[in-house]
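Here the structure is a predicted model, which is why all the values come from computation and not from measurement. If you read the sequence from its start, that first residue is 1, and numbering goes on from there.
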Amino acid sequence: MLLSLLGSIAITLGWLWFFVRRDRHPEPLWLLARTFAWGMFAWFVAAAFEASLGRMLSSSAPLTLLLVALLTAVIEEVSKFLAAHTAAYEPSFDEPMDGLVYAVTAALGFALVENLTYTLSFGAGTATGHALLATLGHALFSAPQGYALGGRWRQIGRWWRRRGLALSIALHFVFNGVLTSSAGWPLLVALASVVLLMTLLAGRFYLSYEEQARVLAQGERPPSSHVHWRWPGR
């Protein structure tokens, strides 16, 4: 059990190191730690709301399972987004890439508490697989909202953040829906496809930030009122 708990912590911190180190302008450690802590707290908030679903959680009806998958995705992604948003008004939040960094940091804080409680509840036997899949999953779910949160630096309006949050919820919902299915090997194919899609989206967002960073490095930041952001590929 102890090794499983330590493994969950190591996996989470390993992914945190992987994502944070890709930022060309490292963020303050205290702010990363605070955002991570808010992500951990967000899990308790989400768990309290999810507990209110009551009998729906134990239902086996297909439509009820889909509704639970959707509500879970909404609750968890909104909680993680609010945790990441606590860093958006700090002076250190000074470039679009920061949105992705803090969104992933909050998501990994959320994932850590989820993994630890999962291990304590269901034992070490299934905890490792859950930690490997869920930790990366939470980080990738947050990529769209991190991209949208980066728009806070440009002051482009709430509609942009809602769009990113909606995409994160959609990805999480599809992922939850696949996990609750009992389709056998097609389930594994669908699950791999969803993870691949999330990875490609996160990669596109990162490459878009890299391009913006190069442009900004060549001159002064243009006025926010003259900036028109687009989603990658559009």
Handout entry: Student check: side-chain heavy atoms of Tyr102 and Leu31 closer than 4.5 Å
Key = yes
Exercise for the section: Could you tell me the separation between the CD atom of Glu95 and the CG atom of Asp98, rounded to the nearest 0.5 Å? Expected result: 4.5 Å
Handout entry: Same apolar cluster: Leu140 and Val74, side chain cutoff 4.5 Å
Key = yes
Handout entry: Minimum heavy-atom distance Phe110-Ala46, with the two atoms named
Key = CE1-CB, 3.8 Å
Exercise for the section: Answer with yes or no whether the hydrophobic clustering places Phe41 together with Val104; edges join I, L, V, M, F, W, Y residues whose side-chain heavy atoms lie under 4.5 Å apart. Expected result: no
Handout entry: Minimum-distance pair of heavy atoms, taken over all atoms of Thr119 and Ser8
Key = OG1-OG, 3.9 Å
Problem - Spacing of CZ belonging to Phe81 relative to CD1 belonging to Ile169, to within rounding of 0.5 Å - result: 10.0 Å
Practice task
Begin with the C-alpha distance, continue with both residues' side-chain angles, and end with the deciding distance and a verdict on side-chain hydrogen bond (donor to acceptor under 3.5 Å, both in side chains) for Asn115 and Thr135.
Solution key: CA-CA 8 Å; Asn115 291 335; Thr135 303; 2.7 Å; yes
Problem - Reported CG-to-CD1 distance for the pair Leu53 and Ile75, which is rounded to 0.5 angstrom - result: 5.0 Å
Problem - Aromatic ring pairing His138/His172, orientation class (parallel under 30°, perpendicular over 60°, tilted between) - result: perpendicular
Problem - Expected output: side-chain Thr72 to main-chain Ala69 donor-acceptor under 3.5 Å - result: no
Exercise for the section: Going by the side chain to side chain contact (heavy atoms under 4.5 Å, CB included) test, name the single residue among Leu136, Val20, Leu16 that passes it with Leu108. Expected result: Leu16
Exercise for the section: State, yes or no, whether a side-chain contact exists between Ser142 and Glu77 at a heavy-atom distance under 4.5 Å. Expected result: yes
Exercise for the section: Drop me the distance from Asn176's CG to Leu66's CG, to the nearest 0.5 angstrom. Expected result: 10.5 Å
Practice task
Starting from the C-alpha separation in whole Å, work towards a yes-or-no answer on side chain to side chain contact (heavy atoms under 4.5 Å, CB included) for Phe49 and Leu71.
Solution key: CA-CA 10 Å; Phe49 278 102; Leu71 291 176; over 6 Å; no
Practice task
Indicate, with yes or no, if Trp38 and Tyr89 share a hydrophobic cluster defined by side-chain heavy-atom contacts under 4.5 Å among Ile, Leu, Val, Met, Phe, Trp and Tyr.
Solution key: no
Practice task
Answer yes or no: is there a donor N or O on one side and an acceptor on the other, between the side chain of Thr105 and the main chain of Phe36, under 3.5 Å?
Solution key: no
Exercise for the section: State yes or no: do Leu65 and Leu63 share one hydrophobic cluster built from I, L, V, M, F, W and Y residues joined by side-chain heavy-atom distances below 4.5 Å, directly or via other members? Expected result: no
Handout entry: Side-chain donor/acceptor of Arg34 to backbone N/O of Thr86, under 3.5 Å
Key = yes
Handout entry: Min side-chain heavy-atom separation Lys80-Trp43 under 4.5 Å
Key = no
Fill in the blank from the handout: When every non-hydrogen atom of Glu114 is compared with those of Ala134, the smallest separation belongs to OE2-CB, 3.8 Å
Fill in the blank from the handout: Closest non-hydrogen contact found for Ala103 with Ala84 is CA-CB, 3.6 Å
Handout entry: Side-chain donor/acceptor of Ser121 to backbone N/O of Tyr118, under 3.5 Å
Key = no
Exercise for the section: Give the intermediate values and the outcome of side chain to side chain contact (heavy atoms under 4.5 Å, CB included) for residues Leu5 and Leu120. Expected result: CA-CA 8 Å; Leu5 292 172; Leu120 295 174; 4.3 Å; yes
Completion exercise
Value for OG1 (Thr12) from CH2 (Trp17), rounded to nearest 0.5 Å, stands at 15.5 Å
Exercise for the section: Please report the shortest heavy-atom distance between Gln145 and Phe141, naming the atom on each side. Expected result: NE2-O, 4.5 Å
Problem - Joint cluster assignment, Val45 & Leu116, ILVMFWY side-chain distance < 4.5 Å - result: no
Problem - CG (Leu6) with more than 12 external heavy atoms under 6.0 Å - result: yes
